[in-house]
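Accompanying notes for the structure given below.
Start at 1 with the first residue, then count along the sequence. All ligand and atom numbering here is 1-based and tracks the order in the structure.
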Amino acid sequence: RAPYTGQFIIVVIGCGISGVAAAHRLVKSGFHHVRIVEATARSGGRIKTGRLGNNIAEIGASYIHGPSEENPLFCLARDYGLLDPKALTAENQAMDIDERLPWVPNWFSSSGHQKLSTEHMSPALEMFNELLNDTSQFKNQEETPWASVGHFIRSEVRSERWKDKDKSTRKLLLCAVSAKLKEECCASAAHSMDEIDLVGFCMYKGLSGLDCTFPCGFEGLIKNLMSELPADLVTYNRPVSCVHWNNTKNGVNTVIVECDGGERIAADHVIVTVPLGYLKKHHSTLFCPPLPTHKLQSIHKLGFGTCNKIYVEFDSPWWDADCDVIYLVWRDEEDILDHVSDISKSWIRKMSTFTVLKPSERSGIHVLCGWITGHESEYMETLPEQEVRDSITELIRTFTGNATITPRRILRSQWFHDPWTCGSYSHPAIGCSAQDLENMMEPLPTKGSHSQPLQVLFAGEATHPCFYSTVHGALLTGWREADRLISHYSCISQ
Ligand SMILES: Cc1cc2nc3c(=O)[nH]c(=O)nc-3n(C[C@H](O)[C@H](O)[C@H](O)COP(=O)(O)OP(=O)(O)OC[C@H]3O[C@@H](n4cnc5c(N)ncnc54)[C@H](O)[C@@H]3O)c2cc1C
């Protein structure tokens, strides 16, 4: 039976994928008074497609992680016709990336001589992947001998590995592990893998399928979803300053959404989708009365870090034609370091990995995407673009030994200084557990309260129990909160 829904006013705060997904499902289920209030002038949030010359450059999310039937984002993108035929093949969907990413690496070292042999470096790659897979043994463990993923990896590598190799090979492989550890920081948007909880790390669930991109840009997904919604559903440039919940007026609870500029919107339900980074900074003013203590504790405990991309365009490639990823190995990092001590001087060291954007047939354009996380990344955001470009030029010249390589142009993201995001995505920081993600998604008022239920609901990537930090996770949380309201009203009507 159709739920009795038409009269209820629902305000969604934030027009990222979780907000759009929630509104889409509610509208399609017969809720007529749904409104999204968005702080910026655009929809998409951390899905943001830019351009570098004629090339698409994703400023936010690039990949569908685990593009297979189990991934609702993959199904949606496929149904909208947004994916390449290769991504749709059964073979691509069945690929188990836990085994090994079938990417062709090129390795360069800070001594600047010729490229390192892939074969020579493969023990570092293999061992690193093996250790990451080994972390699954700590799933649901009460205690572990190591506090963090970084401590585990460093201790395992130091104790056992490559004792049979000659001294200089062993040293080089240890330095390569530092490069891989810095790359791993990007997956978690962590300053250091020493900050990632070893048990918490196992909460993330990978899906099968080799990651794929959107050939015409990730924002195409948002545009398709938005095209199925009423044109006036979103109010842009309208930051919400306070959500007043638990108000009682004539015996009925309404939530008042107060916006910058003074507008006050009365709603029956509010779905909050603002990023965890924003919540960490603004929770005390965003909610009146304040959030319950256990929710606040989880907001503090869960991590939210910065991962930025720097796209760099060249006239001609200095990497192999079949290369997918470039690793830069500093010869003095055998201590397995994933962060630098003197950030203002050495921040560029944090950038160990560049992925190669495959040029379209005739574009003749050669673009790399450099990845950088942590406080080094946050510092990079503060520098003038020319200084960032100069540092990258020097880095590449050092590692290739070629003093003529000059980037044509660069484009970087600056997520830490984005006032509505305050970083990139969430991670399981030391000490957090599945309970914290449960607390994040718990609606207000909490169970046991006698006031009207489901006044404030919470969606967004940092509220998903196992797909946090991803677009598919965020999408599912939007649908989850819409379904919560839909089933609430269908129960009442029955
Ligand atoms: C550099 C980078 C790379 C990434 N790569 C990938 C990837 O390859 N694959 C992947 O799956 N995921 C990736 N992610 C993560 C992914 O982008 C996010 O998990 C997902 O887009 C989050 O969606 P969301 O709806 O939860 O939040 P958001 O997209 O952040 O939406 C929240 C919205 O709330 C708005 N807002 C904030 N405060 C207010 C306020 N006070 N009032 C009104 N509106 C407000 C914001 O402006 C924003 O539009 C990446 C993220 C970054 C930053």
Side-chain angles (χ1 to χ4, degrees), residues 11-23 35-50 57-67 71 73-74 77 186-189 204 207 211-214 218-219 221-222 234-243 257-261 265 270-279 281-283 285-287 304-311 355 369 371-373 377 412-416 418-427 440 458-464 467-478 481:
V11 173
V12 179
I13 304 177
C15 197
I17 185 68
S18 59
V20 175
R35 181 170 168 190
I36 301 181
V37 186
E38 164 58 44
T40 69
R42 55 177 288 279
S43 32
R46 283 171 274 171
I47 293 175
K48 188 175 184 183
T49 305
E58 300 289 1
I59 309 297
S62 299
Y63 303 102
I64 300 183
H65 293 309
N71 186 330
L73 172 64
F74 168 75
C186 299
S188 293
Y204 184 83
L207 298 172
D211 291 4
C212 67
T213 56
F214 288 71
F218 219 131
E219 270 192 33
L221 177 82
I222 299 287
V234 189
T235 308
Y236 293 103
N237 298 310
R238 191 68 54 94
V240 169
S241 50
C242 188
V243 177
V257 177
E258 185 183 343
C259 303
D260 273 8
I265 310 165
V270 174
I271 303 181
V272 176
T273 77
V274 303
L276 175 60
Y278 185 88
L279 273 184
K281 206 165 169 183
H282 299 289
H283 65 80
T285 49
L286 192 59
F287 296 96
F304 192 82
T306 305
C307 171
N308 276 311
K309 301 174 181 180
I310 309 179
Y311 290 94
T355 43
C369 177
W371 297 82
I372 180 163
T373 60
S377 186
R412 63 175 157 164
S413 61
Q414 290 167 295
W415 286 105
F416 183 68
D418 179 320
W420 310 110
T421 311
C422 314
S424 298
Y425 37 92
S426 60
H427 58 240
M440 289 297 293
F458 293 84
E461 56 89 7
T463 72
H464 196 280
F467 298 140
Y468 49 83
S469 80
T470 67
V471 173
H472 57 283
L475 174 77
L476 283 168
T477 64
E481 296 311 314

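- Distances below 4.0 Å separate heavy atoms of Pro275 from the following atoms of ligand 1: 30 (O), 32 (C), 37 (C).
- In summary, the side chains of Lys48 and Ser413 do not present any donor paired with an acceptor at a separation below 3.5 Å, with no hydrogens or angles considered.
- Between Arg46 and ligand 1, at least one pair of N/O atoms sits closer than 3.5 Å.
- Among all protein heavy atoms, the one lying closest to atom 38 (N) of ligand 1 is Val274 CG1, 3.5 Å.
- Proximity of Ser469 to ligand 1, defined as any heavy-atom pair under 4.0 Å, is confined to the backbone N, CA, C and O atoms.
- Residue contacts with ligand 1, taken as heavy atom pairs separated by less than 4.0 Å, involve His65 solely via side-chain atoms from C-beta onward.
- Nearest protein neighbour of atom 51 (C) of ligand 1, counting heavy atoms only, is Tyr425 CD2, 3.3 Å.
- The proximity of Ala474 to ligand 1, defined as any non-hydrogen pair under 4.0 Å, is limited to the side chain.
- Under a 4.0 Å criterion applied to the non-hydrogen atoms of Gly460, ligand 1 contributes the atoms 26 (O).
- Protein heavy atom in closest approach to atom 4 (C) of ligand 1: Ala61 CA, 3.4 Å.
- In this comparison of His472, Glu38, Arg238, Gln414, the heavy atom closest to atom 48 (C) of ligand 1 sits on Glu38.
- Of the heavy atoms in Trp420, both backbone and side-chain atoms come closer than 4.0 Å to ligand 1.
- Within the model, atoms OG of Ser62 and NZ of Lys309 stand 2.5 Å from one another, a figure rounded to the nearest 0.5 Å.
- Every atom of ligand 1 is numbered from 1 in the order shown, and the set under 4.0 Å from a heavy atom of Thr470 is 10 (C), 11 (O), 12 (N), 19 (O).
- Looking at Thr273 next to ligand 1, no N or O pair under 3.5 Å apart turns up.
- In this structure, the side chain of Tyr278 does not engage the main chain of Cys422 through any donor-acceptor pair within 3.5 Å.
- With no hydrogens or angles considered, no side-chain donor-acceptor pair links Arg46 and Thr421 at under 3.5 Å.
- A donor-acceptor contact shorter than 3.5 Å is absent between the side chain of Glu258 and the backbone of Cys242.
- Those atoms of ligand 1 that come under 4.0 Å of a heavy atom in Ile13, given as number and element, are 42 (N), 43 (C).
- Among the atoms of Thr40, none of the N or O lies under 3.5 angstrom from an N or O of ligand 1.
- When only interatomic distances are considered, the shortest N/O to N/O separation between Thr421 and ligand 1 does not fall below 3.5 Å.
- In this structure, atom 11 (O) of ligand 1 lies nearest to the protein heavy atom Val471 N, 2.8 Å.
- Below 3.5 Å of separation, one finds no N or O of Pro239 facing any N or O of ligand 1.
- Listed by atom number, the atoms of ligand 1 under 4.0 Å from Gly16 heavy atoms are 25 (O), 29 (O), 31 (O), 33 (C), 49 (O).
- For atom 26 (O) of ligand 1, the closest non-hydrogen atom of the protein is Glu461 N, 2.9 Å.
- With rounding to the nearest 0.5 Å, the separation of CG in Leu207 from CG in Asn71 is 5.5 Å.
- Distance check, rounded to the nearest 0.5 Å: CZ of Arg412 to SG of Cys369 gives 14.0 Å.
- Using the six-membered ring where Trp is involved, His65 and His472 have ring planes that are perpendicular, over 60° apart on the 30 and 60° scheme.
- Remark: side-chain polar atoms of Thr373 are not paired, donor with acceptor, to backbone N or O of Cys186 under 3.5 angstrom.
- Distances shorter than 4.0 angstrom occur between a heavy atom of Gly44 and an atom of ligand 1.
- Judged purely by atom type and a 3.5 angstrom limit, Glu38 uses its side chain to pair as donor or acceptor with the backbone of Cys15.
- If you check which protein heavy atom lies closest to atom 44 (N) of ligand 1, you get Ala39 N, 3.1 Å.
- Separating the CG atom in Leu475 from the CG atom in Leu221 is a distance of 7.5 Å, to the nearest 0.5 Å.
- The closest approach between any non-hydrogen atom of Ile59 and ligand 1 is below 4.0 Å.
- Judged by distance alone, the side chains of Tyr236 and Ser43 do bring a donor and an acceptor atom under 3.5 Å apart.
- Of the polar atoms of Val240, at least one N or O is found under 3.5 Å from an N or O of ligand 1, judged by distance alone.
- Separating the CD1 atom in Ile59 from the CZ atom in Phe218 is a distance of 14.0 Å, to the nearest 0.5 Å.
- Backbone and side-chain nitrogen or oxygen atoms of Trp371 are examined, and none is located within less than 3.5 angstrom of a nitrogen or oxygen of ligand 1.
- Using modelled atom types, no side-chain atom of His464 and backbone atom of Thr477 make a donor-acceptor pair closer than 3.5 Å.
- Although no hydrogens or angles enter the test, the distance criterion places a donor-acceptor pair under 3.5 Å between the side chain of Tyr311 and the main chain of Glu58.
- Among protein heavy atoms, the minimum distance from atom 3 (C) of ligand 1 is reached at Gly60 O, 3.4 Å.
- Taking a cut-off of under 4.0 Å to the non-hydrogen atoms of Gly14, the atoms of ligand 1 that pass are 33 (C), 34 (O), 35 (C), 44 (N).
- For Trp371 (side chain) and Ala187 (main-chain N/O), no donor-acceptor pair under 3.5 Å exists by modelled atom type.
- Of the possible polar contacts, none joining the Thr273 side chain to the Ala459 backbone as a donor-acceptor pair under 3.5 Å is found.
- Of all protein heavy atoms, the one closest to atom 24 (P) of ligand 1 is Ser18 OG, 3.6 Å.
- Residue contacts with ligand 1: Ser424 is placed with no nitrogen or oxygen under 3.5 Å of a nitrogen or oxygen of the ligand (distance criterion only).
- Residue Val37 places a heavy atom under 4.0 Å from ligand 1.
- Heavy-atom contacts of Gly45 reach the following atoms of ligand 1: 29 (O), 48 (C), 49 (O) (cutoff under 4.0 Å).
- Shown in contact with Cys307 at under 4.0 Å from a heavy atom are these atoms of ligand 1, numbered in order with element: 1 (C).
- With Glu481 contributing its side chain and Ala22 its backbone, the two residues share no donor-acceptor pair below 3.5 Å.
- The structure places CD1 of Ile64 at 8.5 Å from OG1 of Thr213, a figure rounded to the nearest 0.5 Å.
- Within the set Tyr236, Trp415, Tyr63, the minimum heavy-atom distance to atom 9 (N) of ligand 1 is found for Tyr63.
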